[in-house]
Engineer: 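Here it is: the structure, laid out below.
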Amino acid sequence: MATDNDLMQKIISLCKRRGFVFQSSEIYGGLRSAYDYGPLGVELKRNLMDAWWLDMVRSRENVVGLDASIIMHPRVWEASGHLAGFSDPLVDCKVCKERFRADKAPAAAAGEAVVLTFADKGKAKVALGIVAKQFEVELERRGAQLVGAVAGDRGYVCPVCGSPWLSDERQFNLMFRSSLGPISPMSAIAQALEAGEFAGLGGAELRAKLEAVTKDGAVYLRPETAQAMFVQFLNVQQSMSMKVPFGIAQMGKSFRNEITVEHFIFRSCEFEQMEMEFFCEPGTDDEWMEYWCEQRMAWWKRYANDPSKFRLRPHEPDELAHYAKGCFDVEYAYPWGFGELEGIANRTDYDLKKHALHSGAKIEYFDPQQQKKFVPYVIEPAAGATRGVLVYLLDAYHEETVDGAKGPETRVVMRFHPTLAPIKVAVMPLVKKDGMTEKARAVVEAFLRRGINASYDEQHAIGRRYRRHDEIGTPWCLTIDGQTMEDGSITVRDRDTMEQRRISIDAAVDEIQELLARA
RNA sequence: GCGGGAAUAACUCAGUUGGUAGAGUGUCAGCUUCCCAAGCUGAAAGUCGCGGGUUCAAAUCCCGUUUCCCGCUCCA
């Protein structure tokens, strides 16, 4: 079995080799944290998202779908708090180069003596030089520490080395910004420059002025799909006569300008979400929270080989978002440890009330039975679709030792649930003669006509073809052999057990469809 | 963002002191083959991540840069 250390490497390598996931713009050197889903990857991702849609929308009377635009009115993000909350003031330490959040830095009153601490004497010596040269302050070095510094009027120091020499606070907005309309913000800046509007400005003042000049037409790519479901709450509820409790679901791309990206497709700036906002009467929210936690856990486990790797973890009070009353994370045991796959949050009436306040729209629900108005509470299961793809790639990967023609060898099998498998069935002639190829192609046609993704394969020896389909997770291989030509029977080989049985060639499509339905 | 490691064929990797770019696997074509990466013959495939520098000569040495991995940090 692959160890945790090299499992990711093997997955990444297999993904590229077999057409699941490629690095974006690879021939140009690659783009940071952007990935393209290849022919098999797009099938896997689509199958996963289709399964979610089927479970969350199509099989529930009280949940309907939505597909909203990615660019929304900028005031949506003011109301949601993303424009303010997303922008954490960040500061760079000019001594150790650390970048940190101003609001999380250790406090130090102006004039207070501070000690700079480094990992070792060498680093302390370098820092001593920087301070002497750039700030013309002579400090005294004691081992890995520098003494004699005094805190400025910023009220805090660098959390790593303790230095008071810091850059200005800068707003880092985690939303991707663009502009709507043909006028570029650069033109606005150029105009203002020519008009001398920036004369004499510097630091924070300059940045504020730039912000003001470029504000017209500024729009943002959505950092989550959720807001559209709140903004369109009234339209959806009224057009479909939905009665609370009900849900609005949406799948699609979201964008976050993450400071750090990591672990292949786990955290990237462009990602895909599967979110549902479930509107319920205040007071019933705790029950619904429990219901959706149970539903969502069961859904993830349903397609997994190893359900024990999923867990539901309640958020600690101090990690709750400002809007949430309670939150559970569906976590998966990734090779680097447990990490988030889905967040199920009780967002209360925070979002609807905010949008009512900012837009002036009357966002309320009238309950005809109880003859009363209220603002619904919201339970939000928000899953990462692209993270789901990674989870099932990890879950599917198996290596096993089998007897081959040249002794024991390693068989790599992607044990995808048949619902998720990119190719459901491969049809192959045992050898390329006696009319077997024609017969096999006819069987493939029959599958495709039924909407089942089938693949024809005649390349190389039969054993190799089986192994190739093991590696891309094809659940069943159908083989046309000499006996087929005599009695119309065909062999079905199972990916996981490698066992074969004979069925009638005419019943093959029905048989596989039945297996898929039962899976 | 910080620290460490890496980048050579589609994949996994060799490449000696600086001296004509290599292997295995895979891919493709053909032969053979009635069931688990069999065999034989042949072929294609590399801006050595990118850009500079040193040198008669750079995959190799130096500088910069991009991307990935690991560990921190961050993740309203």
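By convention in this document, chain letters (A, B, ...) are assigned in the order of the sequence lines, proteins followed by strands, and residues within each chain are numbered from 1.
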Engineer: Within 45 degrees of the axis of the six-membered ring of A:Tyr466 and under 6.0 Å from its centre: does A:Arg493 put its NZ or CZ there?
Structural biologist: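 Here A:Arg493 passes the 6.0 Å and 45° test against A:Tyr466.
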Engineer: Among the nucleotides B:U67, B:C34, B:C36, which one has an atom lying closest to any side-chain atom of A:Gln500?
Structural biologist: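 Minimum distance to the A:Gln500 side chain belongs to B:C36.
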Engineer: Could A:Glu471 and A:Arg495 be called an ion pair, given the rule that one side-chain N must be under 4.0 Å from one carboxylate O?
Structural biologist: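 No, no charged N to carboxylate O under 4.0 Å.
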Engineer: NA contact type, A:Thr479, heavy-atom cut-off 4.0 Å: base, sugar-phosphate, or nothing?
Structural biologist: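 Base: the residue A:Thr479, judged by heavy atoms under 4.0 Å, touches a nucleobase.
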Engineer: Quick one: is the NZ or CZ of A:Arg347 closer than 6.0 Å to the six-membered ring centre of A:Tyr377, and within 45° of its axis?
Structural biologist: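 Judged by the rule (NZ or CZ under 6.0 Å from the ring centre, within 45° of its axis), A:Arg347 is not positioned above A:Tyr377.
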Engineer: Under 4.0 Å, counting only non-hydrogen atoms across every strand here, what does A:Glu486 touch: a base, just sugar-phosphate, or nothing?
Structural biologist: nothing
Engineer: Strictly under 6.0 Å, is that where the ring centroids of A:Trp336 and A:Phe266 end up?
Structural biologist: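 Centroid separation for A:Trp336 and A:Phe266: below 6.0 Å.
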Engineer: For B:C11, does OP1 or OP2 lie under 4.0 Å from any side-chain N or O of A:Lys16?
Structural biologist: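 Yes.
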Engineer: Is there a donor and acceptor pair closer than 3.5 Å between the side chain of A:Tyr28 and the base of B:C50?
Structural biologist: no
Engineer: To the nearest Å, how far apart are A:Asp36 CG and B:U67 P?
Structural biologist: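 Whole-Å distance recorded here is 15 Å.
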Engineer: For a quick check of understanding: with a heavy-atom distance under 4.0 Å over all strands, which category does A:Ile480 fall into, base, sugar-phosphate or nothing?
Structural biologist: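 The answer is nothing, as A:Ile480 stays clear of every strand by at least 4.0 Å.
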Engineer: Can you check the A:Leu31 CG to B:U66 P distance for me, whole Å?
Structural biologist: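 Interatomic distance, CG of A:Leu31 to P of B:U66: 12 Å.
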Engineer: Is there a donor N/O on one and an acceptor N/O on the other, under 3.5 Å, for the side chain of A:Arg493 and the base of B:C35?
Structural biologist: no
Engineer: Verify the contact: side-chain N or O of A:His469 to OP1 or OP2 of B:C36, cut-off strictly under 4.0 Å; return yes or no.
Structural biologist: no
Engineer: Give the rounded distance in Å between these two atoms: CZ of A:Arg468 and P of B:G26.
Structural biologist: 10 Å
Engineer: Do the side-chain N or O atoms of A:His460 get closer than 4.0 angstrom to the phosphate oxygens (OP1, OP2) of B:C36?
Structural biologist: no
Engineer: Side-chain N or O of A:Arg465 less than 4.0 angstrom from OP1 or OP2 on B:A37?
Structural biologist: no
